[in-house]
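Letters go in sequence order (proteins before strands), and every chain restarts at 1. No hydrogens, no waters, no symmetry mates; every other heavy atom, side chains included, goes into these values.
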Amino acid sequence: MESDTPCDDGYTLASLVPVVAASAVQNACKLCAPLGASLVFKGIAGGVPLLHGSQGCSTYIRRYLISHFKEPMDIACSNFGEQTAVFGGGANLQLALENVCRQYAPALIGVATTCLSETIGDDVPMFIKTFLAAVPESARPPIVHVSTPSYQGSHMEGFHRAVRAVLGALAQGRGGEATIQVNLLPGLLSPADLRHLKEMAAAFGLQAMVLPDYSDTLDGGQWESYQRIPPGGTPLQDIIAAGNAAATIELGHTLAAERDTAATDLQTRCGVPARRLGLPVGIRHTDALLQALAEISGRPVPDIYQAQRGRLLDTLVDGHKHVNTVRAALYGEADLVAGLAAFMAEIGIHPVVCASGGAGRRLAPVLHQLVPARQHAGMTILEGADFATIEEAVAGARPDLIVGHSKGYAMARRLGIPLVQVGFPIHDRMGGPRLLHVGYEGAACLFDRLANALIETRQAASPVGYTYM
Amino acid sequence: MAISAEYKDADGVLEGKDLEGVRRRLLEKYPPKVARKRDKQIVVNRVGEDGSVPVVMSNVRTVPGLISQRGCCYAGCKGVVLGPTRDIVNITHGPVGCGFYSWLTRRNQTDPDSSPDGHNFMTYCFTTDMQDEEIIFGGEKKLRLAIQEAYDNFKPKAIAVFSTCPVGLIGDDVHAVCREMKEKLGINVFGFSCEGYKGVSQSAGHHIANNGIFTHVVGTDDAVPEGDFKINLLGEYNIGGDAFEIERIFEACGLTLVATYSGNSSIEHFARSHTADLNLIMCHRSINYVAEMMETKFGLPWIKVNFIGAAATAKSLRKIAAYFDDPALSERVEAVIAAELPAVEAEAAAVRPRTEGKRAMLFVGGSRAHHYQELFAELGMKTLSAGYEFAHRDDYEGRRVLPDIKVDADSRNIQELEVHPDPERYRPRVDAQRAETLAAKGVDFADYAGMMPEMPAGALVIDDISHHETEKMIALFKPDIFCAGIKEKYVIQKHGIPLKQLHSYDYGGPYAGFKGAINFYQEIDRMVNSRVWGYLKAPWQKNPELAAKYAFE
Ligand code: SF4
Ligand code: SF4
């Protein structure tokens, strides 16, 4: 196992790795902002997302999310026409809100903007106020507005902005009953990941508020009877009580490098201490999460995690020969890439290309802390990259493995390098929502898949066809 | 095989349910104004002696807040019509999402090896990925660079630019940029003002795409391809390989396909498509504009065909043969039909005992909700309810209603090109007298009868069905299969009812032509008779007393 040597030179963030600047984006490696926001609103119990703009965006975003989650995905829209685009979308938003209330009786409506309503500069908070004023108090659902112009950020910015907007609008200050002990802001993870994290908190006896929690709403069973809104999601009263929690755990290495986030907001506003950790992918960062939970709960780490950790290490030792000194290319959301790179470093895989479509400018310094210093020189870090740029880097580096989502398939195929699919979106394989990335068990799953991909490749290339590799 | 068969229920009753009551149930949750609007889009089918059917309000704006199946103008232009052409570099001018979401998501197939240069850009997605700076200062500069870059990297024959919503607002002149770059690069570069807010659905984008191809591409190459019976196939997008199957049949019949709009197509095919002798229209909604304009400018007529369903395929082939009126061709066509049909009929006979009497609902697109009723009829299944996502009244009621259609404010700004006969190249393929003789033989030029005259009376026709109404229909009728798209798929299946995607075909296809019919029969058999639905309840849920007894013992 590699030792963790943090990067010590005093670089400035932006100068270290320039964000890729090209005029055209060829095969983007990012999605748009309202998609991230919609995902957050889908993770709130009784929540209905509503996009303020023209219907194409909501349709595209629905179909895209559905192709990954394979679950119902209702996203309403205020349905701009040419007139609306000229005169503003106030009336449309009112009508949309009214119709959503009537059809769904939602516990919460999340309004996210599209590029269109942002470009014309609609005053959405004012529209919402007008709407609410006309509704009897008893019938008013909470409405959360988040501004999500995609020309300012990708789906991850939309996601984090929405989490922040929800807590900003609903979480009340200190005072009430402390029904929630810990707030857990996981970031964009799979439903399987969310379930795993909830189990962890529960194992410490903690009442946790996980936001968003689409582990049921986007990975549910068959319906015995008609469900207007799929069951599950973060309960509204838990979000309201978030200000009373003992701590907020916010996951994501690059997110932790941001100045203002949902967790820092809660800290400033309600005095809830923010603990900002990396994604718990691999050993060290799962350790860190469990330790944080132990401290917050005042209880020791439950035995099951000791056992899972033991099994993981046993697996790593057993399979070490398959992965050691292997070179991999990673792409996807910055925080997932950072989490994966940290895990790779633990098992002896060199992440030779680390790429993200987002242009957050935080990935490079974070990676330099997570990956041993002697690998830095051989590591290409790309931010704001499209697949044309990523492919060039990967072709140059000739790694043994590529790790990322479905959109890298064409690249992997052209280069003849095996692709292990992780993260989002996964639409050409089954089971994306059930992929476990986090915790010791997630690490073991990832390890098996990485090692097996390597074994399979070697097996297929062998002229003999050995079954002991 | 005719689709139409009167349902046995009494008038106004479908499967024992009073249809007025059903309509009320669909509308009751809506505010009065919304209900009044939707009321006109939900119609009980009745077919008069003369084939007349009730009016269906359609091609109107979806009410904000109702979750619709519809996409936007850009989706219709870039995604549907231009997307399937392999050798045009399509650049989406706008923020990243619109381009990303339309990146090869429709399962259009293509065969790059059939073009000499082997160009295929369909697996690529180019966008200008507009940032704040462009929204504020304009995006023309970035677009110019993007076109240059695409040219430098790929040396394509043509580049097309598609505007998304913000572009129209910030006032970029994409057409001027395209003209400038066309001049500079010496290749065809053209733009589409297909901002998503235009029109009410994809339909506006189809029209804009038709106008653009016609203006910038059709007729730019006068070389006449070899072949005696030259045809174009319009409105066939090669989802799941449909166009490949149709091409196979055409070839066997000795028909020369000049261009398909736009499945498995190359821009070169469009350029010389005006040299063909006949246009065949599959999807009337998305492509009739180009057919009309080609007729006016170059004189080649169009007929409606349908290659979905074995009987429909045979009928369409015979119609083509009748048009060309050549004994050798007719003989070949008959030989092909005779050779292909037995296998299809054998498969239908094998499957039918398991599908007979099952009930389908189809809500999709602008032609498939009609065409696929053929295949279901061949399986002995009946269509309880159907509707289109973005069609117009003529697609429901037939082109006979065209003069009565009122264009509303949402569609008024979609340009109708003014087209005149080409002074040199206009060549009417049939004169008035021959047209009459052919019409008598069933070659109905420039006509589409529409979906409703071929549907059973008593079926429910719903235009632009909302998510809410979909769920109500499922709950009320519990059909054996529901046909729509991926957005509807998983909500329907939560109710234990299989959903067949008729946009992307799930992962299957082809379903067109003879081989396609066989595929479809097998697929529907698998879906309506799948065992998985039988496992929905665990044994202890099915028999709670038993479970309790064990616990007690
Ligand atoms: S306009 Fe903006 S919000 Fe809509 S799909 Fe495009 S990028 Fe996404
Ligand atoms: S922004 Fe406009 S063009 Fe893009 S997806 Fe949305 S509606 Fe369509």
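- Of the listed residues (B:K29, B:R25, B:R38), just one forms a salt bridge (charged side-chain N to carboxylate O under 4.0 Å, His left out) with B:E469, and that residue is B:R38.
- For a residue to count as touching a neighbouring chain, one of its non-hydrogen atoms must lie under 4.5 Å from one of that chain's; by this rule A:I75 touches chain B with the backbone only.
- Using a 4.5 Å cut-off between heavy atoms, B:A475 makes no contact with chain A at all.
- Chain A is approached within less than 4.5 Å, heavy atom to heavy atom, by B:P95, B:V96, B:G97, B:C98 from residues 89-98 of chain B, ordered by number.
- Under the 3.5 Å distance criterion, with hydrogens and angles disregarded, no donor-acceptor pair is assigned to the side chains of A:S58 and A:Q55.
- Heavy atoms of A:T59 lying under 4.5 Å from chain B belong to its backbone as well as its side chain.
- Looking at A:L50, there are no atoms closer than 4.5 Å to chain B (heavy atoms on both sides), in backbone or side chain.
- Neither the backbone nor the side chain of A:S154 comes within contact range of chain B, judged by heavy atoms closer than 4.5 Å.
- Residues passing the ring pair (Phe, Tyr, Trp, His ring centres under 6.0 Å) test with B:F482 are B:F363, sequence neighbours excluded.
- Inspection of the B:Q415 and B:H207 side chains reveals no N or O donor paired with an N or O acceptor under 3.5 Å.
- Looking at A:C57, neither its backbone nor its side chain comes within 4.5 Å of chain B, counting heavy atoms on both sides.
- In terms of the ring pair (Phe, Tyr, Trp, His ring centres under 6.0 Å) criterion, residue partners of A:Y331 (sequence neighbours excluded) are, by chain and number, A:F387, A:H405.
- Interface remark: A:Y60 contributes backbone and side-chain atoms alike to the contact with chain B (heavy atom separation under 4.5 Å).
- Residue A:A28 touches chain B through both its backbone and its side chain, counting heavy-atom pairs closer than 4.5 Å.
- The contact list for residues 83-93 of chain A toward chain B, using heavy atoms and a distance under 4.5 Å, reads A:A85, A:N92 by residue number.
- Neither the backbone nor the side chain of A:R413 has a heavy atom closer than 4.5 Å to any heavy atom of chain B.
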